[in-house]
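Here is the structure we will look at, set down as structure tokens.
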Amino acid sequence: MALSSLDNLYRQVILDHSAHPHHHGHLQQVTNEIEMRNPTCGDVIQLEVAVFNDKINDIAFSGDGCTISQASASMMTDAVIGNTPAQAEEMVQVFSKMIIGDQPNLDTKILEDASVLNGVAKFPARIKCAALAWKALNNALTSNDGKGKAGQIVEHHDN
Amino acid sequence: MALSSLDNLYRQVILDHSAHPHHHGHLQQVTNEIEMRNPTCGDVIQLEVAVFNDKINDIAFSGDGCTISQASASMMTDAVIGNTPAQAEEMVQVFSKMIIGDQPNLDTKILEDASVLNGVAKFPARIKCAALAWKALNNALTSNDGKGKAGQIVEHHDN
Amino acid sequence: MVKSLNQIRNDFPILDQKVNDEDLVYLDNAATTQKPRAVVEALAHYYYTDNANVHRGVHTLAERATADFEAAREKVRAFINARSTTEVLFTRGTTTSLNWIAASYGEKVIGAGDEIVISYMEHHSNLVPWQQLALRKKATLKYIKMTADGHLDMTDAAEQITDKTKIVAIAQVSNVLGVVNPIKALAKLAHEHGAIMVADGAQSLPNMPVDVQELDCDFLAFSGHKMLGPTGIGVLYGKEAILNEMPPIEFGGEMIDFVDLFQSSWKELPWKFEAGTPDISGAIGLGAAIDYLSAIGMANVQAHEQELVNYVLPKLLAIDDLTVYGPHDPAQHTGVIAFNLNGLHPHDLATGLDMEGVAVRAGHHCAQPLMKYLKVPATARASFYLYNTKADADRLVDAIVATKEFFKHGTV
Amino acid sequence: MVKSLNQIRNDFPILDQKVNDEDLVYLDNAATTQKPRAVVEALAHYYYTDNANVHRGVHTLAERATADFEAAREKVRAFINARSTTEVLFTRGTTTSLNWIAASYGEKVIGAGDEIVISYMEHHSNLVPWQQLALRKKATLKYIKMTADGHLDMTDAAEQITDKTKIVAIAQVSNVLGVVNPIKALAKLAHEHGAIMVADGAQSLPNMPVDVQELDCDFLAFSGHKMLGPTGIGVLYGKEAILNEMPPIEFGGEMIDFVDLFQSSWKELPWKFEAGTPDISGAIGLGAAIDYLSAIGMANVQAHEQELVNYVLPKLLAIDDLTVYGPHDPAQHTGVIAFNLNGLHPHDLATGLDMEGVAVRAGHHCAQPLMKYLKVPATARASFYLYNTKADADRLVDAIVATKEFFKHGTV
Ligand SMILES: Cc1ncc(COP(=O)(O)O)c(C=O)c1O
Ligand SMILES: Cc1ncc(COP(=O)(O)O)c(C=O)c1O
């Protein structure tokens, strides 16, 4: 049955992250924060980041969303913690390229677990689910109003 | 050539009325008057009527328009002068039915010369040209603002 | 029905395809319906034989195009039993129709302190225009509550609608809960308080007979694309006396009587509101859709959908962990069924169903206030139409169960 | 051209028909153009394989429809060389596009005493919205004069446009006089005075290469149906910075970010302005039309029309009793030619031509102020397009002469 192809999207590690998300909740000290939505599906993420000495010291997310968006957020927090904002920006770029599937030979090692989300490229309707957390991170780090650079990180339509 | 069918529309009497319209100009004494337009083509008619003792004593028109609309106005004035407003209304009804060509056995004698405008039924784009003067008469006689009953007398689209 | 279900399905070439290696089951009809050949061929016929601009030309094609276009208006008039074609305005769709009411009638009539009454189940298109109008005018936007099973609470309606109320705007059929709202009773209530009644017919026109004189609503808005017609065309019905008093919303070609340098006057109804070249082929396509629906008969369309609901709703309710929103009595439920698998986001569910070839929607269905009211972030939604079968219903049920199993065990 | 004229004509089935027993010569292209098979087939293909609502669904058809729809937006972007698809809004047509600018940008920016500058040759759709805006805001509507041969008087433009001017709105190509207006120079003038430049592209987009970055206009409006596309679809191009500051005109589904009971927020560009289900098939059809035009090349389209004008204009000028409006130098004249037979109303002339199978328009061409300026109640107008031939031009000339003879002698 065609349902079997779901395996390509919902790998076990994704289901695990979604069921038991890492860094879920709130921080005591927050330097950057943002709330973002996928207007069409109603998914929403609140992201809190603590950047000290040019390092992402801590990060936490909350909100509502599907398996993919929750897993992606959890994996994103794992990947960026301990990195500089610049390195995190770099990861956002790599992730954005990965999920639209344009570059088959893309090196996605720096994304850690999140690299398994490459399967989403085959499910165009779900790309925005995977992208939400990363887009939120990008905006939290690069603009004040959480809107300024939203269009830059993913090449698909935001909705 | 297909131009020959123009003869059905532009009978000699129509060309004559258009070239030398009757009752063209203005009245000294006016009891009912109206200005009406065909919005699409820009044709416009000013109609002045003098009704005394329940009789259309005199009538005059001016304005701009095509051969059909000028001839129709001229023939209309000939036909209704000397009649009561009620008789004129009756003529308007007969004329309206005639030009849409629905009733082949319609008795159009009371229309006098105007009865030759029956050919217009075969030229749907020109029905409104023929109708303008009669519609103006109807409105001049039946409503104050020149709008109230405009829709009632012809069954096609006014434009 | 006049045609067999098989014959009907054959009229819709799109249904005969595989999606993700499975036969397509299209259950997203509340979003948009598929088009029968007759509609697509009406478009092609228009463009291949009659195409010209309307109401402008003296030449033969222009006359034919104008006659085709105005014939479509007459078909709409007859379909909703309006008194006259002067009451039938062509728009871009339900959303534009409702915005026009708010921008013209609303702008003129609503003042500070006036009330506009809607409900929690409204589609954003019948909510945000009123909300923004209320904000502009410092008017009060009021929401009619719902009963526990998702019906409009008519007791609350009688309280919300007061002498301060100027506009009541309610969907005739909900695009989420599958309930039918009593427009006629609401119109009576509205009129008793001197308010006008706006019916959002986006989900009712495709699925049941609608008679504007019987409902006595003052406005009715609907979309062609949800009733077998093309995208880009919709209708605003309005009572003639009200339309006559309304200023036009758009200005330009076709809608003018006379244009002077510093002032202008407008044509008669309905053209006063139709500025610019209209969607001629869209109107003609909608006319063909109405012909198609009328040949089947709207009562038959409704009966067919009811039969499907009678069949599928109990099966859905029998699935463990599945929550169905709206009434659980099939007799109370239209062909729009919203549901959630507990513990699974509806997006994941919809992706699972899509892998099985079953197309449903997942999200807030342009009804975020309703989602909040129901206390869910989103739902899945299956919506049936005249070409759907019991086999389609079975496929839906099976796919839900299979998807549930997949997510329970992390594999198929 | 890449295709021969014969090949092109074969792409347009409608041209191959008799009208009043004569082979059709369609010369009403400025009103609306005919559609090639490729456009009609794009509509049919969409409805027979991909149709679904866009931006809403998780399922496969919805994803395909969304991709098709957004691909059409990208085609428009490339066609006008906009910086980004965020600057390309789909509307119902030129008229709606222009009304949106007036209703949103105009409503926000124009105050009492401000000036809006247009010209005497504007189409009602680029005139009445500004006139009504000026009336609402007690602003001043100013008209740029024309030179004797029908060009925009740029000396007068420099006088009319002042520091009080907020909006300059001019047609890039006149739909009556067949002149091209210097949008780039006007934009420069407007910008020097802090005003924005609105270009009405309804008659330019179909007939010549247009590059919004080169023109540096702030808005550009045009219609699909005048450039081989379907009715019901049009475009509003706007510079991103300006669109970002503009409030949406219509509210509802698809354009919202978040809807709460008493307030809402909007999506990003371009969707902020596209409330409700868009004209999906219309956009796809326009995309197919752009593909068709691009394959031929807009420079080639323009050259072909120029060749026809070079051929026919001298022949028309040679007819006794025929008055041609606009420049008499063919090099200064686009494929739109307005004329009158002295002593005969253009309606009668057009009926005569129609009897000969030649479709032209007669009337005020939605340009009553221009008619007044020219001191004529109406004119006839022939407008050529890429499928017209020199034989068509001959047929026009012959039919005019024959009609003239008929009315001179009262018979054929
Ligand atoms: C110069 C010009 N502007 C605007 C329009 C209006 O276009 P539409 O009727 O497609 O809205 C037209 C065409 O009628 C036109 O020629
Ligand atoms: C109840 C209801 N109202 C309004 C709309 C908006 O219709 P459209 O998107 O065709 O403008 C819809 C459909 O999306 C609907 O279901």
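Given the structure is predicted, the values throughout are model-derived calculations rather than measurements.
If you check the side chains of D:Gln17 and C:Thr49, you find no donor sitting under 3.5 Å from an acceptor. No donor-acceptor contact under 3.5 angstrom links the side chains of C:Thr95 and D:Glu250, judged on distance only.
The distance from atom CG of C:Asp279 to atom CD1 of D:Ile233, rounded to the nearest 0.5 Å, is 9.0 Å. The structure places OG of C:Ser264 at 7.0 Å from NE2 of D:His124, a figure rounded to the nearest 0.5 Å.
Here the closest non-hydrogen pair linking C:Ile256 and D:Val128 is CG2-CG2, 4.2 Å. Closest approach of D:Cys366 and C:Gly253 over heavy atoms only: SG-CA, 3.8 Å.
Of the listed residues (D:Ala44, D:Ala52, D:Gly224), the greatest number of heavy-atom pairs within a distance under 4.5 Å of chain C belongs to D:Ala52. Between chain D and the residues C:Thr277, C:Val358, C:Val19, C:Leu353, the largest count of heavy-atom pairs under 4.5 Å involves C:Thr277. Each of D:Thr96, D:Leu15, D:Asn126, D:Thr94 has some count of heavy-atom pairs under 4.5 Å with chain C, and the biggest count is that of D:Thr96. Note: C:Ala275 leads C:Ala275, C:Ser223, C:Gly357, C:Ala350 in heavy-atom pairs under 4.5 Å with chain D. Among C:Gln368, C:Arg92, C:Gln263, the residue with the largest count of heavy-atom pairs under 4.5 Å with chain D is C:Gln368. Counting heavy-atom pairs closer than 4.5 Å to chain D, the top-ranked of the candidates C:Ala283, C:Pro369, C:Ala102 is C:Pro369. Chain D forms the most heavy-atom pairs under 4.5 Å with one residue out of C:His365, C:Lys226, C:Arg37, and that residue is C:Arg37. The greatest number of non-hydrogen atom pairs below 4.5 Å with chain C, out of D:Ile14, D:Asp16, D:Ile249, D:Leu43, is found for D:Ile14. The residue among C:Asp260, C:Leu135, C:Asp50 with the most heavy atom pairs within less than 4.5 Å of chain D is C:Asp260. Counting heavy-atom pairs closer than 4.5 Å to chain C, the top residue among D:Val259, D:Val40, D:Thr32 is D:Val259.
Side chain of D:Gln131 to backbone of C:Leu261: a donor-acceptor contact under 3.5 angstrom is found. Side-chain atoms of C:Thr231 come within 3.5 Å of backbone atoms of D:Ser281 as a donor-acceptor pair (strictly under, hydrogens ignored). Side-chain N or O atoms of D:Asn53 include one that pairs as donor or acceptor with a backbone N or O of C:Ala31 at under 3.5 Å.
For C:Gln34, the parts lying near chain D are the backbone and the side chain together; criterion is any non-hydrogen pair under 4.5 Å. With a threshold of 4.5 angstrom between heavy atoms, D:His347 approaches chain C through its backbone and through its side chain. Neither the backbone nor the side chain of D:Ile118 comes within less than 4.5 Å of any heavy atom in chain C. Interface remark: C:Ile280 contributes backbone and side-chain atoms alike to the contact with chain D (heavy atom separation under 4.5 Å). If you measure heavy-atom distances from D:Leu141 to chain C, the contacts under 4.5 Å come from both the backbone and the side chain. Proximity to chain D is absent for every atom of C:Val39, based on heavy atoms less than 4.5 angstrom apart. Contact annotation for D:Tyr373: neither backbone nor side-chain heavy atoms come within less than 4.5 Å of a heavy atom of chain C. Looking at C:Trp130, neither its backbone nor its side chain comes within 4.5 Å of chain D, counting heavy atoms on both sides. In this structure, the portions of C:Phe258 lying under 4.5 Å from any heavy atom of chain D include both its backbone and its side chain. The part of C:Tyr120 that comes within reach of chain D is its side chain, from C-beta onward, which places non-hydrogen atoms under 4.5 angstrom from that chain. Heavy atoms of D:Val58 lying under 4.5 Å from chain C belong to its backbone as well as its side chain. In this structure, the portion of D:Asn99 lying under 4.5 Å from any heavy atom of chain C is its side chain and not its backbone. Only the side chain of D:Arg64 comes within less than 4.5 Å of a heavy atom of chain C; its backbone N, CA, C and O stay farther away. Contacts between D:Tyr48 and chain C at a heavy-atom distance below 4.5 Å involve backbone atoms as well as side-chain atoms.
The residue from D:Thr351, D:Asp28, D:Asp354, D:Asn20 that alone fulfils the side-chain hydrogen bond (donor to acceptor under 3.5 Å, both in side chains) condition with C:His59 is D:Asp28.
Taking the six-membered ring where the residue is Trp, the centroids of D:Tyr47 and C:Phe12 are separated by 6.0 Å or more.
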